[in-house]
Peer 1: 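First, the structure itself, so that you have it in front of you.
Naming convention: chains lettered A, B, ... in sequence-line order (proteins, then strands); numbering from 1 in each chain.
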Amino acid sequence: MDYVIEMLNIRKEFPGIVANDNITIQLKKGEIHALLGENGAGKSTLMNVLFGLYQPEKGEIRVKGEPVKITNPNIANDLGIGMVHQHFMLVEPFTVTQNIILGKEPKTKIGSINLKKAEREIQELSDRYGLKVDPTAKIRDISVGMQQRVEILKTLYRGAEVLIFDEPTAVLTPQEITELLEIMRSLVREGKSIILITHKLKEIMEVSDRCTVIRKGKGIGTVNIADTNVDELASLMVGREVSFKTDKKPAEPKEAVLKINDLYVKDARKVNIVKGLDLEVRAGEIVGIAGIDGNGQSELIEAITGLAKANGGQILLNNKDITNKSPRKVTESGVGHIPQDRHKYGLVLDYSIGENIVLQTYYQKPYSKNTILKPKEIFNKAEELIELYDVRTPSVYTLARALSGGNQQKAIIAREIDRSPDLLIAAQPTRGLDVGAIEFIHKKLIEERDKGKAVLLISFELDEILDVSDRIAVMFDGKIVANVKPEETDENELGLLMAGSTTTKAGESK
Amino acid sequence: MTSNNKFMTFMIPVFSVFLGLFVGAIIMIISGYNPIEGYAALWRGAFGDAYTIGETIRRTTPLILTGLAIAFAFRTGLFNIGAEGQVIVGWLASVWVGIAIDAPFIIHLPLAILAGAIAGGLWGFVPGLLKAKLGVHEVIVTIMMNYIALHVSNNIIRSVLTDHATKTENIADTASLASDFLSNMTLNSRLHYGILIALFAAVIMWFIIQRTTIGYELKAVGFNKHASKYAGMKVGKNIILSMVIAGGFAGLAGAMEGLGTFGNIHVMSGFTNLGFDGIAVALLGANNPFGVVMAAFLFGTLKEGANEMPTGAGVPTELVDIIIALIIFFVASSYIIRWALLRFKKEGK
Ligand SMILES: Nc1ncnc2c1ncn2[C@@H]1O[C@H](COP(=O)(O)OP(=O)(O)OP(=O)(O)O)[C@@H](O)[C@H]1O
Ligand SMILES: [Mg+2]
């Protein structure tokens with residue numbers, strides 16, 4: 001019996017819901033153990049119990065065979081348990097080193113902070129696991145992927161033997177994902193053990209040794225990855241067969257809904273990042289934008305939706321000029337937007353689900369009349385949508401903050417699709433969703449298309465782009481450099497185009 | 001979680017008050033006073049007869065309004081330290097209108113009250129505007145606005161409203177909130193109709209915050225600016241609006257003093273403290289309008305009752321300030337109390 005961590009028969013309740021019902025998970029030393037389950041199944045809750053953020057109502061936790069009580073994260077740290085949260089907890093203006101040593105500063109003889117020593121140690125750790133982190137860089141200057149590695153270093157610096165990753169790949173680009181999986185392998189080679197939460201079955205198949213599945217708060221069992229496959233994992237988790245290929249009839253594009261001519265947008269550093277972009281999305285088609293993160297996709301969306309200023313060019317919606325109109329005007333002229341960053345833009349976390357459902361429509365009938373809100377109408381609408389979109393929440397009065405990540409995302413999607421806008425912009429709409437929910441959302445996007453709406457899909461996942469789009473626009477260096485049909489291309493060709501290669505079909509007519 | 005939270009937001013202030021009184025008793029014992037006599041005197045001072053009851057309510061009136069001024073801003077993510085200055089300009093403006101204008105009661109009184117609210121609102125508008133347009137933190141600006149209010153008001157009293165006097169003449173009867181009826185009923189206390197206005201203001205705050213699209217926007221902006229912008233709300237406009245409404249409440253508090261309690265305005269050597277006490281009232285009232293009413297009443301009681309403590313039990317009034325400070329301290333360290341209460345509940349199970 002050489003389990004480093006055992007969580008036995010854990011039960012954790014929240015008001016109105018049993019998040020963990022008698023779940024058992026046992027982690028062997030030196031293994032990568034995946035934790036799989038639908039949105040709201042209770043994965044994050046279980047890991048927060050292990051990390052000392054929640055106290056279980058029942059059950060036992062053992063570390064190396066010894067029963068322990070983990071009442072706060074400091075105790076977890078002392079027991080060698082580290083957690084890489086999905087939302088990083090870093091101080092932006094500080095350097096990597098300052099962030100890592102925060103609260104555990106090494107001292108010189110006279111009692112001041114020994115920054116040099118810390119930097120050396122962090123450099124060593126970084127080299128040992130191939131993290132390639134610069135200890136002197138400021139957090140605000142490094143990419144999301146690098147920030148995540150800083151979080152990893154933080155746990156290692158504090159002596160973690162067991163690392164918990166909660167959906168680490170949801171925020172990463174495909175390239176960064178490959179690197180992260182490599183880092184995980186080198187961590188276990190050095191004797192660390194890892195619990196990995198992810199919705200991407202491919203990743204589980206690729207790196208993990210075993211996988212524990214939970215469904216609606218109950219443990220379903222643990223399987224050896226060597227003896228299973230993607231389809232079995234999916235059906236274990238959802239409790240039914242899941243189809244990975246989306247069925248759809250060919251698109252019948254009609255008139256142009258969105259027309260962008262020669263658009264220029266500046267980024268936060270006031271440099272042009274969208275540089276003379278042309279794009280057209282027609283009624284009844286889904287256009288997927290493929291591109292490596294940072295080529296101007298976010299700024300493009302912000303310019304269309306009025307969140308950022310265009311400093312050149314023109315955006316037409318149904319032949320009406322909406323360039324530099326306010327977000328409210330843009331929304332009212334028929335644009336829906338599933339934002340990439342759900343916590344920053346998509347939700348007011350301290351509002352209830354019901355209040356979030358009317359975030360753009362609260363001032364309209366029937367949700368209010370003469371500035372007086374109609375709570376009944378608001379919450380009835382919310383009831384209807386959580387039912388329809390399978391948002392798992394104890395009630396519509398629950399704060400958005402208390403929902404699981406995937407269910408928060410589903411609530412946003414429900415709100416945006418339900419308005420049935422002429423143009424639906426979906427930025428990473430399925431980030432953090434389980435396979436069943438992804439299937440459902442894809443169906444909904446296609447339904448909108450079939451109703452004659454225009455859909456603009458932005459995703460870093462080529463699978464999703466290839467699967468759902470009717471036409472793919474490849475974005476590179478602030479421009480659309482190629483328009484291709486999904487059935488006439490593949491990941492390799494897309495990859496080349498996204499990297500700026502102009503050999504193949506670039507320049508083909510729009 | 002929510003029902004449990006509501007219970008806690010209610011229990012923590014109540015518990016803090018008892019803890020404050022309890023520690024206050026210990027301090028009295030240590031300093032050689034009899035706490036039972038002390039609190040008995042406090043009670044007599046606040047509720048002993050009709051007069052003290054009237055005075056307690058009169059004291060409570062402006063505290064409700066300044067409490068609302070801070071609570072309202074706070075609910076929308078802003079920290080309004082400027083209630084003090086807003087009180088002063090509200091006081092000045094209402095008295096000015098009360099003196100300068102000749103009109104029948106039905107026009108004069110509402111006009112004078114409105115003048116107070118508008119002046120306070122204007123004093124809130126400036127920090128709101130600076131925050132919305134230039135990102136200057138409202139705490140800094142509101143603190144400075146307090147000093148500007150104090151000195152500008154003193155100057156206007158001396159050189160505009162009077163000829164170097166320290167006190168203006170009294171407002172016209174048509175602008176007065178004072179009531180012979182209330183006064184006679186309470187043995188000639190200074191109780192006036194303002195309490196009705198203050199209670200009505202609490203209902204107004206509740207209604208705006210909970211039931212209107214304005215409140216929905218204000219709170220959303222306070223919680224998450226990015227999401228509010230995404231949803232099409234004008235973030236800057238809402239920040240300004242929140243400060244104006246908050247300032248309006250504080251301005252009303254000034255009007256209560258000017259039109260109700262004093263009937264004039266005098267040169268002030270220092271702040272009225274109504275605005276600063278409002279911060280404590282809002283904190284104790286958990287930024288809830290009805291909580292604010294109750295907290296203001298408690299503060300009014302303590303402050304009015306304190307008057308009786310030196311004569312009645314030989315306890316210095318400063319002790320009441322210590323007890324108030326203790327209560328605030330316990331509310332502020334609610335973490336400890338939350339912990340203690342949870343402990344208590346678990347053991348009880
Ligand atoms: N702080 C909380 N208060 C109330 N309910 C909560 C809280 N945290 C989680 N829940 C509920 O517990 C259940 C499990 O949530 P959890 O976050 O563990 O799901 P998850 O498996 O991580 O899902 P996802 O894949 O969407 O992240 C959900 O129904 C959620 O609404
Ligand atoms: Mg989760």
Side-chain angles (χ1 to χ4, degrees), chain A residues 13-17 55 301-302 305-308 325-333 335 337-352 354-356 358-365 367-375 378 394-395 397-402 412 415-416, chain B residues 1-9 74-78 132 135 203-239 241-242 244-245 286-288 335-336 338-339 342-343 345-347 349:
Chain A
E13 296 167 15
F14 291 115
I17 209 157
Q55 301 311 308
I301 303 171
E302 285 176 6
T305 52
L307 290 166
K325 288 274 183 314
S326 70
R328 166 122 332 148
K329 281 264 159 54
V330 173
T331 309
E332 284 177 348
S333 30
V335 176
H337 174 200
I338 300 165
Q340 188 170 327
D341 190 334
R342 62 178 168 236
H343 281 180
K344 190 170 172 189
Y345 289 110
L347 293 169
V348 176
L349 288 174
D350 294 298
Y351 267 175
S352 65
E355 287 167 310
N356 271 294
V358 295
L359 201 56
Q360 296 102 329
T361 46
Y362 63 91
Y363 61 95
Q364 294 167 351
K365 276 183 192 157
Y367 308 120
S368 66
K369 211 178 134 191
N370 301 328
T371 78
I372 312 288
L373 291 172
K374 303 259 181 225
I378 293 173
S395 85
Y397 305 99
T398 308
L399 293 190
R401 186 180 292 291
I412 297 174
R415 179 183 72 207
E416 297 306 311
Chain B
M1 185 133 244
T2 41
S3 69
N4 196 21
N5 261 346
K6 278 209 183 108
F7 173 77
M8 279 295 181
T9 29
F74 199 83
R75 287 291 283 275
T76 65
L78 295 166
V203 176
I204 293 282
M205 163 165 168
W206 171 84
F207 189 76
I208 294 179
I209 287 279
Q210 300 294 355
R211 284 282 180 269
T212 67
T213 55
I214 303 166
Y216 179 92
E217 280 196 23
L218 289 170
K219 280 187 293 177
V221 169
F223 284 137
N224 183 343
K225 289 195 178 46
H226 301 287
S228 309
K229 192 174 165 200
Y230 157 88
M233 302 170 191
K234 295 207 171 72
V235 173
K237 183 197 101 180
N238 278 292
I239 290 176
L241 183 64
S242 170
V244 168
I245 295 177
N287 296 309
N288 171 304
Y335 178 78
I336 304 173
R338 199 174 281 257
W339 177 81
L342 281 177
R343 245 1 244 276
K345 264 176 75 180
K346 272 210 181 116
E347 314 256 292
K349 254 190 208 168

Peer 1: Would you indicate whether A:Lys374, at its atom NZ, is surrounded by more than 12 heavy atoms from other residues, nucleotides or ligands within a distance under 6.0 Å?
Peer 2: yes
Peer 1: Per the side-chain hydrogen bond (donor to acceptor under 3.5 Å, both in side chains) rule, what does the pair list look like for residues 203-214 of chain B, sequence neighbours excluded?
Peer 2: none
Peer 1: For A:Tyr362, which residues count as a ring-ring contact (aromatic ring centres under 6.0 Å, His included) partner, sequence neighbours excluded?
Peer 2: B:Tyr216
Peer 1: Which atoms of A:Thr371 are under 4.5 Å from chain B, going by heavy atoms: the side chain, the backbone, both sets, or neither?
Peer 2: both
Peer 1: So what's closer than 4.5 Å to chain B heavy atoms on A:Leu349: side chain, backbone, both or neither?
Peer 2: neither
Peer 1: So A:Thr398 and A:Ser395, side-chain contact (heavy atoms from CB on, under 4.5 Å) or not? Walk me through it.
Peer 2: CA-CA 6 Å; A:Thr398 308; A:Ser395 85; 3.4 Å; yes
Peer 1: Less than 4.5 Å to any heavy atom of chain B: does that hold for the side chain of A:Pro394, its backbone, both, or neither?
Peer 2: neither
Peer 1: Give the member of A:Thr361, A:Asp341, A:Val358 that has the highest number of heavy-atom pairs under 4.5 Å with chain B.
Peer 2: A:Val358
Peer 1: Between A:Arg415 and chain B, which part of the residue has a heavy atom less than 4.5 Å away: side chain, backbone, both or neither?
Peer 2: side chain
Peer 1: Please assess B:Lys229 against A:Tyr345 for the test side-chain contact (heavy atoms from CB on, under 4.5 Å), listing each intermediate value before the final yes or no.
Peer 2: CA-CA 8 Å; B:Lys229 192 174 165 200; A:Tyr345 289 110; 5.7 Å; no
Peer 1: In terms of heavy-atom proximity below 4.5 Å to chain B, should A:Glu332 be classed as side chain, backbone, both, or neither?
Peer 2: neither
Peer 1: If you count heavy-atom pairs within less than 4.5 Å of chain B, which of A:Asp350, A:Thr331, A:Val348, A:Leu347 leads?
Peer 2: A:Asp350
Peer 1: Tell me, for B:Lys219 versus chain A, whether the close heavy atoms (under 4.5 Å) come from the side chain, the backbone, both or neither.
Peer 2: both
Peer 1: Would you kindly say whether A:Glu355 and A:Ser352 are connected by a side-chain donor-acceptor distance under 3.5 Å?
Peer 2: yes
Peer 1: Tell me, for A:His337 versus chain B, whether the close heavy atoms (under 4.5 Å) come from the side chain, the backbone, both or neither.
Peer 2: both
Peer 1: Can you tell me how the ring of B:Phe223 sits relative to the ring of A:Tyr351, calling it parallel under 30°, perpendicular over 60° and tilted otherwise?
Peer 2: perpendicular
Peer 1: Could you look at A:Val330 and say if it's the side chain, the backbone, both or neither that has a heavy atom under 4.5 Å from chain B?
Peer 2: neither
